[in-house]
Each structure stands twice: as structure tokens, then as C-alpha cells.
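The structure appears below as C-alpha cells.
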Amino acid sequence: MTPSDIPPPTDFIREIIDDELRAGKRGGRVATRFPPEPNGYLHIGHAKSVCLNFGIAAQYGGTCNLRMDDTDPAGESLEYVESIINDVHWLGFDWADRLFYASDYFEQLYQFAVQLIKAGKAYVDSLSADEIREHRGTLTEPGRESPNRNRSIEESLDLFGRMRAGEFEDGAYVLRAKIDMASPNVVMRDPVIYRIKRVPHYRTGTQWVIYPMYDFAHCLSDSIERITHSICTLEFENNRPLYDWLVNELITGDRPRQIEFARLNVSYTILSKRRLIQLVEQGYVAGWDDPRMPTVAGMRRRGYTPEAIRDFCAKIGVAKNDNLVDIALLEACVRDDLNERAPRAMAVLRPLRVVIDNYPEGEAEEFESANHPQNPAMGMRKVPFSKVIYIEQEDFDENPPKKYKRLGPGREVRLRNAYVIRYESMKKDETTGEVVEVHCTYDPSTRNGPPADGRKVEGVIHWVSANHAVSAEVRLYDRLFQVPDPAGVADDFTNHLNPGSLEILPSAQIEPSLALAPPGAGYQFERLGYFCADLKDSVAGKPVFNRIAPLRDSWGKIAVQGKR
RNA sequence: UGGGGUGUCGUCAAGCGGUAAGACACGGGCCUUUGGAGCCCGCAUUCGGAGGUUCGAAUCCUCCCACCCCAGCCA
């Protein structure tokens, strides 16, 4: 859970609540809700809202409900409900017995609608969708009243009952709130609040053929649950007058207050449900939980921790500015978390064979290596060493560039947790000219410390014993898009997918202790980055590792600068 | 040309009339058996612009500019 030494985030929403509390409003009660529609998986933008709503409830000793906003059966499903429940729990939040469904309120909502008709504040309209649009006017011109606007209460009541009874086809009638066709806010121009939709609902089946619209259902669901603060995103700001209008017409006593904040955008990815669905359905990714996806499921599979995601949500803040948060901040948050908790291990992604000429054939020894150099409490493990090892291809260069601190002709380098070795010779593939094997000698005096003669060895590289190593598939993930704001491009956003977002290395060599890595648990492969065994595809004997995030790479920067 | 919002460092974001927090990113240094981590230093004389009020303005007023949202029987 959140350490107590971290001050709770402060933002304009909490200020509003503080002010209300000081003024003695709402009996000091704070009740929020997280209201997803189960028509897709939760993503990092939802996580922001989850952290906000559950965070506020916890901070003020209140409650936060989880509510499925399932008022449009098209596209909604149990699969999504289950994923949402799973994801919110995984993020670290709990709603006790307060899992609710707007669909459970259908009868109550229907009665509210009847009440509105009886009050003369709603009428059944038989205009077609096109006609309603025409009558709505434009942003700069007022709308025109429907010829059915002054239908009698009795007739509307009768028609509404028959809508429910299934006497009419889709679109034949709608129920509209009677507000103001000349309102400068188009939302208030007699909004449709109920429509006929003969689509089976994943929970209510065919029980209903009419469904309430969002504007009607949401504010009243909030009221039914006695929500105090209904926190939503900025695009609903235009709908707030309608929210308040409905609640004022139908609810007595304490009324919920809608507060809007800016939705999250993250660079190099996409956070719109519509586009995420497209990526999944058109096969650009392997599914909602593809580790490249900004979904909670994808990030979980990638190896992100709930702590890192919560930390990110705290760091981005809550305001009303349109934003595009640098994805580097997200990466910094996982690194920060995993740096502290992930055990270290060695793995060689692109192996280069190294033979230690002066090491006895057939012999082996074990090095006691720290699981975490800064945290002895994490213990030690044994890492086997022998005559033939693998090192990273990029840790050897026959023509080393300036500032290169690794292995090359005439050079010495420290094998992490083991001996210092010196270059002796190399073998090349005769046809390709590629270096296929390097021969070295080791210095036995360097087993537990610096060379006996006091000479300085700067470079340290990681390695793995060839005979003891386990072969593994490693999946190198990178950002999904090549452009910072894929949602903002003029052409199809899929044109900007990063072709290098996934690189598969089929035969990386990992140290034996990694063979049993429990799927999902984060490790630091020293000098490389944070990795975890894949939740779905990693099996004993055939491990598969995902790269969560690379380590900060200052050599990479120097190397790039050198080329410029 | 309607209504609703927002404009503070490259990116988020504090600031609420008393003289620009912090984070990420970036640059430099120290240290190091991870070119990791850690530590140190630097990084907005200026807050979309122009006027005005005030001893004093990012904060108040006026005008202007830019961007976002709204014309689903989606949410």
C-alpha cells in the first residue's frame, strides 16, 4: 500500500471536497464511484480515474463503488466485466460488497422516467433520428420544437409503457426530456433519455427493449448509490447542466456533484477505446493483454507492477489542462519500483562464445553472487562458471570506439561477479567475417577482488556459463508508435505503428537460477533492464521473458553522440 | 459567427496579491565488480499577448490570441 511518508496528492478536486467539508456539507460524507462501461479493457487512463476515485474515498474515510455503466447492450459483455473487476483489484483497490450495475437499476430508472413524464418534463417523440437531428439546430442556431413536444402526459405515459412492452420497432419512438430547444448548449435541446433497442443485454437478456441513455442513467445511478462526488472527464462538462437538471427534477435531499478533470494522454501510445479495439480486432497486436498495449492487462503481462502504476498516477497529478504525459515518466516509475525490489541475475541476449584458454577443461566452480548489491537482505545465489562462457555480442568489438570500456583486442575486462579476463585471440567465420569465438585467459588472483598487482580494470560485463546456461526466448518490447502523438496525426494512426515494437530473440542464454523464475515476477538482468517471465507463454523448460523496460543507458547516449 | 473549458520550464504540475515548488527529460561532475543504482550541481529574471489596478500581479480588472470539447436514439 501507499507508504505513509508520501503526502497524499493534492489537486483541485480534493480542494473542492476540503472546502465542502469545512462548510459542513453532506454531513461530512464522501462517496465516489468508478463507473466503466464494460465494452473494452481498462487502460492506463482508466487507472488514473481508479486511483483518483478510490484514493479520495480512502483519504476521506469514505467509500468508492465499482459500477458497471452498462446501459447500451451493444458491445458490452461479461468478459469485459470480468477483466475490469480483475484489473481494479490487481491495481490494489477494493470495493467490498459495493459492485453495482446500472442495469440493476433499470426498473427504478424506468419509474424515474415515468415520474418525469407525469411532471410534464418529458414526452415521447416519434420523430426519426434524422428528424431529431434536423430539429436540434446547429451550434450557432437554435433548434425547433418537435411537433410531438406537447403531446399529453397521458398519451406519453401510454406510449412509454408500450415502448417498454415491445410494441414498437427500434427507432419508432424515443423519450425526450422537455427542456429548451433554444438553449445555447445543444445538450439541453430536449435530449433523448430512452431509446428502443432490441438487443439482448448480457445481464438482463431480453427483459428490456428500451434502455436509458447515459445522461439519464448516470446521474440517477449516482443518486441511487448516494454518491457525493461524481468525478468524470472533461468532455462531460457540457453535460453537467443536464446532470443537474435531472437530479433537481427527480431527487430530493443531498444531490451528487459532478466534477470534471482532464483525461490522461501518454506519448507514443493511444488511449482511446475505439482505437485500442481496432488494434486488437485488426491484429496489429496479439490481444488486449499484448504487452505493448497501454491496457492494465497488457501492462501487467509486460511486467509493470501495481505500485509503479499507482506511483505514475500520483506523479501526473490531476488538473483540467489537456496533456500528453511523456511515456518516459511511466518507464521511470517502473524502474524506480523494480530497482528496489527486483532480484538481479545475468542473461545474455545475443551470445558470443568465449573460451578461457587457461581454465581447466571439464572443471567448474560457483560464485556466490548478491541478489541485490544494495540490499543484502535479498540474499545470495550461486552462479556457475566454467571454461566456456557466453558474453553479449555488443560487449566485444574488434575495433573499439573511443570510450568503449568492454572487451577487445589487447584489452582486459571484469566478468561481473567473477574473474578478470584478458583477450588473446578470436575466430571469424570465413565467409561472413563475423567474429564467432573469442579466446581469453583469466587472472586467478581476481576471484574476490581487484588484481593483485593493483592494475586498474574499468569495464564490467555480464556473462553466463555455456554448459550451465538455459536457453530462453526473450521478447524485447519498445513503444507501440513511432510518433509522440499518434492520436493527433492527419492520416490513419496505424500508419505510425512502430515496426520495432517487438523483437524476438529465440535463444538467449540465461543463468540457471532464472530457469525457475515464477511468471510475472520482475528481475533485473544486469546491465540490460527489467524482465519477467511471461504470464501466458513461459513454461518450465521453455522460459519466455518479456523486457519490461531497459536500464538507463548512458553508454548508448555516448555512442550515439560519437556517431553524430 | 453559439455555448462550455484550458493556457506557468521540452513534458506533467505546484502557486490562491508579497516577489516562480517538485517530478520526468536534458546537461555536467563524484562514486561504482551493473556505462545500473546512489550522490552533487545546473536547468522559467519569468508565467499565451497587450493594457490597467496596486508599494507590490502568474495570482485582481479589461481587451485580444491560441488550443480543446459539444450538433449519437455512444459513454
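Order of the sequence lines sets the chain letters (A, B, ...), proteins ahead of strands, with each chain counted from 1.
- Nearest nucleotide to the A:Asn323 side chain, out of B:C16, B:C12, B:G35: B:C12.
- Judged as a salt bridge (Lys or Arg N to Asp or Glu O under 4.0 Å), and not counting sequence neighbours, A:Arg414 has no contacts.
- For the salt bridge (charged side-chain N to carboxylate O under 4.0 Å, His left out) condition, the pairs that include at least one residue of residues 177-195 of chain A, sequence neighbours left out, are A:Asp72-A:Arg195, A:Arg149-A:Asp190.
- Look at B:G35: it lacks any Watson-Crick or wobble partner with both distances under 3.5 angstrom.
- Partner assigned to B:C9 is none, using Watson-Crick or G-U wobble distances below 3.5 angstrom.
- Counted by atom type alone, A:Glu79 and A:Ser77 present zero donor-acceptor pairs between their side chains at under 3.5 Å.
- Residue A:Lys405 is classed as a base contact, given a heavy-atom separation below 4.0 Å to a base.
- Judged by atom type and distance alone, A:Arg552 does not reach the base of B:G35 through any side-chain donor-acceptor pair under 3.5 Å.
- Residues passing the side chain to side chain contact (heavy atoms under 4.5 Å, CB included) test with A:Arg547 are A:Leu476, A:Phe531, A:Pro550, sequence neighbours excluded.
- In this entry B:A71 has no Watson-Crick or G-U wobble partner, no candidate having both defining distances under 3.5 Å.
- Taking every heavy atom of residues 328-340 of chain A and every atom of RNA chain B, pairs under 4.0 Å involve A:Ala328, A:Leu329, A:Ala332, A:Asn339, by number.
- Taking only side-chain atoms of A:Glu237, from C-beta outward, the nucleotide of B:G5, B:A37, B:U11 with the closest atom is B:G5.
- Classification of the A:Tyr243-A:His218 ring pair by plane angle, with boundaries at 30° and 60°, yields tilted.
- You'll find a donor-acceptor pair under 3.5 Å spanning the side chain of A:Arg414 and the base of B:U33, going by distance alone.
- Residues passing the ring pair (Phe, Tyr, Trp, His ring centres under 6.0 Å) test with A:His462, sequence neighbours excluded: none.
- With a cut-off of 3.5 Å on both Watson-Crick or G-U wobble distances, the partner of B:U62 is given as B:A50.
- With sequence neighbours excluded, the residues forming a ring pair (Phe, Tyr, Trp, His ring centres under 6.0 Å) with A:Tyr41 are A:Tyr80, A:Trp288, listed by chain and number.
- For A:Met163, the side chain to side chain contact (heavy atoms under 4.5 Å, CB included) partners are A:Val124, A:Phe160, A:Phe168, A:Tyr173, A:Ile196, A:Ile210, not counting sequence neighbours.
- Straight-line distance between the P atoms of B:G49 and B:C55: roughly 25 Å, to the nearest whole Å.
- Both distances falling under 3.5 Å, in either a Watson-Crick or a G-U wobble arrangement, place B:C26 opposite B:G42.
- A glycosidic torsion no more than 90° from 0 defines the syn conformation, and B:G72 adopts it.
- Taking atom C1' in both B:C41 and B:U6, one finds a spacing of 35 Å when rounded to whole Å.
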Name the pairs: protein N/O against N/O of nucleotides 42-44 of chain B, kept only if under 3.5 Å.
none

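- When both distances must be under 3.5 Å, the Watson-Crick or G-U wobble mate of B:A14 does not exist.
- Every side chain to side chain contact (heavy atoms under 4.5 Å, CB included) that A:Ala370 has, sequence neighbours left out, goes to A:Met380.
- Residues passing the side-chain hydrogen bond (donor to acceptor under 3.5 Å, both in side chains) test with A:Gln509: none are found, sequence neighbours excluded.
- Atom C1' of B:U34 sits at a distance of 48 Å from the matching atom of B:A66, rounded to the whole Å.
- Ring pair A:Phe367/A:Tyr419 is perpendicular by interplanar angle, where above 60° counts as perpendicular and below 30° as parallel.
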### Query
Going 5' to 3' along nucleotides 69-75 of chain B, which nucleotides have protein heavy atoms under 4.0 Å from the base (write B), which only from the sugar-phosphate (write S), and which from neither (write -)?
BBBSBSB

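- Among the protein residues, A:Thr446 comes within range of the nucleic acid bases, having at least one heavy atom under 4.0 Å from a base atom.
- Annotation: side chain to side chain contact (heavy atoms under 4.5 Å, CB included) contacts of A:Asn239 (sequence neighbours excluded): A:Val187, A:Asp215, A:Phe236.
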